[in-house]
Structures are given as structure tokens and as C-alpha cells.
There are 2 protein chains.
Amino acid sequence: MNDQIGRGRPQLLFLTDEQLRKGIEAMYFAYRGFTADPDRILDQRGYGRAHHRALHFIHQSPGTTVNNLLSTLGVTKQSLNRVLRTLIEEGLVEAQVGTRDKRERHLHLTPSGAALERDLSEVQRERMRSAYREVGPEAVRGFRMVLEAMMDPDMRRQFNRMKESEE
Amino acid sequence: MNDQIGRGRPQLLFLTDEQLRKGIEAMYFAYRGFTADPDRILDQRGYGRAHHRALHFIHQSPGTTVNNLLSTLGVTKQSLNRVLRTLIEEGLVEAQVGTRDKRERHLHLTPSGAALERDLSEVQRERMRSAYREVGPEAVRGFRMVLEAMMDPDMRRQFNRMKESEE
DNA sequence: TTGGAATGTCAACAAGACTGACATAAAATC
DNA sequence: GATTTTATGTCAGTCTTGTTGACATTCCAA
């Protein structure tokens, strides 16, 4: 550790375990705030976070397959299936049998699914927007850099793939 | 919205809904990374995230009461009680009946509880340390600012109270 | 001193994750 | 053409962690 003295990155010496611990706690409390608003909306409609995640990623990658979604979300098919079944039954998501490969189901949001997704993401965006406004663009850049550096390499790749396909 | 042009904070005009959406996603993936390491340790020992949270906050505020912990964690007392019971039964946490008010239980980590807490927080700190190293101290400052700005006001107060009592 | 408030415990239930087993249909391979 | 692999769906059962309701204990104030 001490071999960093006078050799570069000296600032890092100021990050004590206790300071890192506060970072951990900040992450915990911030994530709770981050999910609080959509949770309220979901609760009213009888859905949970699992439904939110499915809606989010179907919105982001329309026509994605069940298997794709599975690996993005990192849950089992049984778990995802329960959620998808209710979303399809209640007309928020549509599953189209693939044309090239008929085993696949391509997932899309229906208008009412898109409407709920919009409501959910809007409250979340609003919280983020107001946080961003409070701290300024320089802090936001730092925020995004740290978040990305904290992801597992697999997720980070996936995250960046999705980012590219959009720009 | 447009009234901001030429009046300050013009940068914020570049934060489109899609960019905010990517921020949301980054938060989701980063949180998964953030919990992945301790989850593995917990799993081996047959505990869950709820146990981790209890250990963390008892470590941070030794002698805290069940009620205190309740409001910090934002769960019902029944839910916390189940977790506390197993931690006490297995000798990781000690509950001392209050001397002034015998209704209260003051919670402390035993040596083995402190050891597990250290293991859990160490892997989490290590992830954070390496992310911080990757992006540099300026980005870290921004990260912390955004996290704090995203918390609900109540949690933010609590977070800052705990921060003070330490410095 | 007694009744209400505060604190904590026990029991039962629900959501949503998991594993394992199995079914079906389609595609790919031999 | 037969066989294997892949994609998806379903049933059953378990676990964690949240919930509510009922209850015991303790404290305090009227």
C-alpha cells in the first residue's frame, strides 16, 4: 500500500476503509430512493419489480426473445415466465412467434404496456433529472463512470452493447 | 424548458430522456455488481441480504435498538425479527436487555459476527476501491454527490447523521 | 394503580426468487 | 430420416424476505 507514496495516485491514500464503507451505505440508500417511486406505481396495479424490469428491457429492445431477456435479467426462465405470463394475459406485452425460427417468441409492448413503462420510467427519470440538476454535469460524468466501473465485466459488455445500438 | 437557454445550466439540455434512461440502467447493473460478491459469501453460510444489512448497521451503530434498526432499514419489525433471531441463535449478534428501559434490546456484534461483517464489507470495499482507482478521485466525488442527491430526504438525513457521528 | 403506548415475539401468509423434472415444437446435425 | 439440441413453457416444491394480525411485556402518565 505505502509504496504508492510519491509515485502517483496519492489521492487514493485518503480513501480509508471507513470512507469506502460510507460509499457502500450511500449506494444502498440511493438505490432505495431510486426504486421507491416506481414501486408505488407498481403496487397500485398489483405488479412488482420483476414486472418493471421486464417492461424496461422489452421497451429498450423491442422484439427481443425470451432467452435474451433471461440473460439480461439474470433470472431463471421459471421466474421470468411467471412475470411474462401475467403481462401477456393482461395485455401489456405481446409475444409473436418468430418467422425465421418458430421456436422463438419475440416480445413487444402493447400500447398499454408502453404507457405503463412510460409512467414508471418517468418518475425514475424525474428523480435522476433532479439529482443531476442539483449536482451539475461534472458530477454526473463521474457518477456514470463509477457505476460502469462497478459492474461485472459481463454486464458491462451488455450495457455498452445496448448503449452503442442506440447512438 | 427552453427558458434555460443562455441563462445558465445550458449543459442540462443535453440530458435527453434516453440518456437518463441509460443512467437508470447503469444504476441497475451497477447495483447487481455491488451485491454480487457479498451474496456469494452469504450464500455459502446460508444467509441472505437481510442478514447482511442487519450486520452492517449493527456494526456501524453498536448498541442500537431494534426500533432504531427498523427505521434505518425500512422494514417491519416482524421481518427484522426473524433475521435477528437467527443471527442471535447462531451467535453472531448479542441482544442485551436495556438497563434504563427494559423493553429495549441493545444489539452488538459478537467476535464471529464482526468477522463475518468484515468479510462481507471487505469484498464490497474491494470492488469499490478498484472502481475508484479506475476512474479517479474527481469522478468519485461526483458519484457520491449524485448518490446523495438521489436519496429520499429522510434517508438522506439519516445518512448524514451517521456520517457526522463518525468524523 | 391502571390503562394506553412502546417494544418486541410468534404465527401465518404472499411475492418472487430458486431447483428439478418434464413436455413440446422446431431446428440442426448425423 | 432419425436423433440430438435448442427455445420455450409448465408443474411442483423450497427458500428468503416481505407483509398482517395477535399477543406478551414493560413503561409511563393520568
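Predicted model, so just to flag it, every value in this text is computed and none were measured.
When rounded to the nearest whole Å, the span between CG of Leu73(B) and P of dG8(C) equals 13 Å. Between Arg45(A) atom CZ and dA15(C) atom C1' the separation is 18 Å, expressed in whole Å.
Defined by atom type and a distance below 3.5 Å, a donor-acceptor pair is present between the side-chain atoms of Glu148(B) and Asn160(B). Between the side chains of Arg21(B) and His59(A), at least one donor N or O sits under 3.5 Å from an acceptor N or O. Side-chain atoms of Glu117(A) and His52(A) form no donor-acceptor pair, as typed in the model, at a separation below 3.5 Å. The closest side-chain donor-acceptor pair between Arg49(B) and Thr35(B) falls under 3.5 angstrom. Side-chain contact, Thr64(A) with His106(A): no donor N or O sits under 3.5 Å from an acceptor N or O. Counted by atom type alone, Ser121(A) and His56(A) present zero donor-acceptor pairs between their side chains at under 3.5 Å.
Chain B approaches DNA chain D over the interval dT16(D) to dC27(D), counting the first and last nucleotide 5' to 3' with an atom under 4.0 Å from its heavy atoms.
Phe29(B) and Phe159(A) have perpendicular rings, their planes meeting at more than 60° on a 0 to 90° scale where under 30° would count as parallel. Taking the six-membered ring for Trp and thresholds of 30 and 60 degrees, Phe143(B) and Tyr132(B) have ring planes more than 60 degrees apart, a perpendicular arrangement.
Annotation: the span from Gln44(B) atom CD to Leu42(B) atom CG amounts to 9.5 Å, rounded to 0.5 Å.
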Atom pairs under 3.5 Å, N or O on each side, protein against nucleotides 16-19 of chain C: can you list them with distances?
from	atom 1	to	atom 2	distance (Å)
dG16(C)	OP1	Gly48(A)	N	3.4
dA17(C)	OP1	Arg53(A)	NH2	2.6
dA17(C)	OP2	Ser79(A)	OG	3.4
dA17(C)	O5'	Ser79(A)	OG	3.1
dA17(C)	N7	Arg82(A)	NH2	2.9
dC18(C)	OP2	Thr76(A)	N	2.8
dC18(C)	OP2	Thr76(A)	OG1	2.9

Point to revise | Stepwise salt bridge (charged side-chain N to carboxylate O under 4.0 Å, His left out) check, Glu122(B) with Arg129(B) | key: CA-CA 10 Å; Glu122(B) 179 47 33; Arg129(B) 207 180 280 127; 3.4 Å; yes
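In the region residues 88-104 of chain A, proximity to DNA chain D at under 4.0 angstrom, judged on heavy atoms, holds for Arg103(A), Glu104(A).
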